[in-house]
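Remember, predicted model here, so these are calculated numbers, not experimental data. For the numbers below, each heavy atom of this structure counts, side chains included, while hydrogens, waters and symmetry mates do not. Throughout, a chain's letter reflects where its sequence line sits, starting with A, and its residues are numbered from 1.
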2 protein chains.
Amino acid sequence: MRIGELAARTGVSVRSLRYYEEQGLLTSVRSASGQRHYTEDDVERVGFIQRMYTAGLSSRTIAEVLPCADAPSEEHSDAALERMAQERDRLSEHITELIRARDALDDLVAIARAHRETLRAPAAR
Amino acid sequence: MRIGELAARTGVSVRSLRYYEEQGLLTSVRSASGQRHYTEDDVERVGFIQRMYTAGLSSRTIAEVLPCADAPSEEHSDAALERMAQERDRLSEHITELIRARDALDDLVAIARAHRETLRAPAAR
DNA sequence: CTAAAACCTGACATTGACGTCAGAGGCAAG
DNA sequence: CTTGCCTCTGACGTCAATGTCAGGTTTTAG
């Protein structure tokens, strides 16, 4: 498929797909005229890339980790494994922080709601 | 206390504290010479601001939400409450995505580790 | 064949939360 | 009084993923 279709199927912009290629995250086969062509597998690959971006990894870090996703049967050095584990931990910490932030928001919402009730039924007590 | 001490106690840069003030998130009392002075409460306030930034809220959104944290006993319009609830949900979705991303990383790590075992004990089977 | 739609490269623009630097004034200690 | 540290304002720099535009080629539909 061509780049427009891949973009449509992944929900990622054409611009971003070209950027991913520039960053070495995605490869394409070029037709004689220079147009990029992708395989079905690339849909999934782009999904993974997006997920890693969401996780807060940079292009460079994703590039380090991707080979492991590509060829799970090769060694790819302990460094990459180390890197993945490290990013996983960082992500885990971040999730913990986000949950705390959500709790803080929850508290605020609860207090605001409670006070609204007070306003609505001032004669309740 | 002056800005340097607040920075030290919150772990936030002096630059950021000025930026927060510029964004209307933090106020200070100015001495005759123009220096900013803060209260003990501001330490906690900066912590909350940081937490909201971590949660992915923009300055503008934090500015909308902060009045509720400041004065829980006022109404502050349903709009702010609505906004908080909305941000909370957005954050929740984001957390879910991050957990999925972490799971993906976990899978990769597990596969890589398993393969390393295979290499280390090739005669195991 | 022709026009529209999709693609190409290259380059500049954007956004947001800061970093950093310059030049000037403020404040406590010796 | 002066030395050294803190603070002030203002402005420009940064970074990373993307948007966007220009000018040109390719593909597709009619």
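Y53(B) and S59(B) share a side-chain donor-acceptor pair at under 3.5 Å.
Side-chain contact between T39(B) and D42(B) is present, with at least one heavy-atom pair separated by less than 4.5 Å. With a 4.5 Å cut-off on side-chain heavy atoms, Q35(B) and I3(B) do not count as touching. Between D70(A) and R45(A), some side-chain heavy-atom pair lies under the 4.5 Å cut-off. By the 4.5 Å heavy-atom criterion applied to side chains, T10(B) and Q50(B) are not counted as neighbours.
For residues 16-25 of chain B, the set of pairs meeting the salt bridge (charged side-chain N to carboxylate O under 4.0 Å, His left out) definition, not counting sequence neighbours, comprises E21(B)-R30(B), E21(B)-R36(B). Sequence neighbours left out, the pairs with a member in residues 48-62 of chain A that pass salt bridge (charged side-chain N to carboxylate O under 4.0 Å, His left out) are R60(A)-E64(A). Sorted by first and then second residue, the pairs that involve residues 103-115 of chain B and meet salt bridge (charged side-chain N to carboxylate O under 4.0 Å, His left out), not counting sequence neighbours, are R88(A)-D106(B).
Among residues two or more places apart in sequence or in another chain, the side-chain hydrogen bond (donor to acceptor under 3.5 Å, both in side chains) test is passed with T61(B) by S58(B), R83(B). Taking E93(B) as the reference, nothing meets the side-chain hydrogen bond (donor to acceptor under 3.5 Å, both in side chains) condition, with sequence neighbours excluded. Partners of Y38(A) under the side-chain hydrogen bond (donor to acceptor under 3.5 Å, both in side chains) rule, at least two apart in sequence or in another chain, do not exist in this structure. For R2(A), there are no salt bridge (Lys or Arg N to Asp or Glu O under 4.0 Å) partners at least two apart in sequence or on another chain. Remark: T54(B) pairs with no residue by the side-chain hydrogen bond (donor to acceptor under 3.5 Å, both in side chains) rule, at least two apart or across chains.
One interatomic measurement links the two molecules: CD of Q35(A) to P of dT27(D), which rounds to 5 Å at whole-angstrom precision. Atom pair E5(B):CD and dC5(D):C1' shows a separation of 15 Å (rounding to whole Å applied).
Taking a heavy-atom distance under 4.0 Å as the criterion, the stretch of DNA chain C touched by chain B extends 5' to 3' from dA17(C) to dC27(C).
For the segment residues 88-97 of chain A, the set of residues with a heavy atom within less than 4.0 Å of an atom of DNA chain D is empty. For DNA chain C, the neighbouring residues in residues 47-54 of chain B, judged by any heavy atom under 4.0 Å, are Y53(B). For the segment residues 15-33 of chain A, residues with any heavy atom less than 4.0 angstrom from an atom of DNA chain C are, sorted by number, R15(A), R18(A), R30(A).
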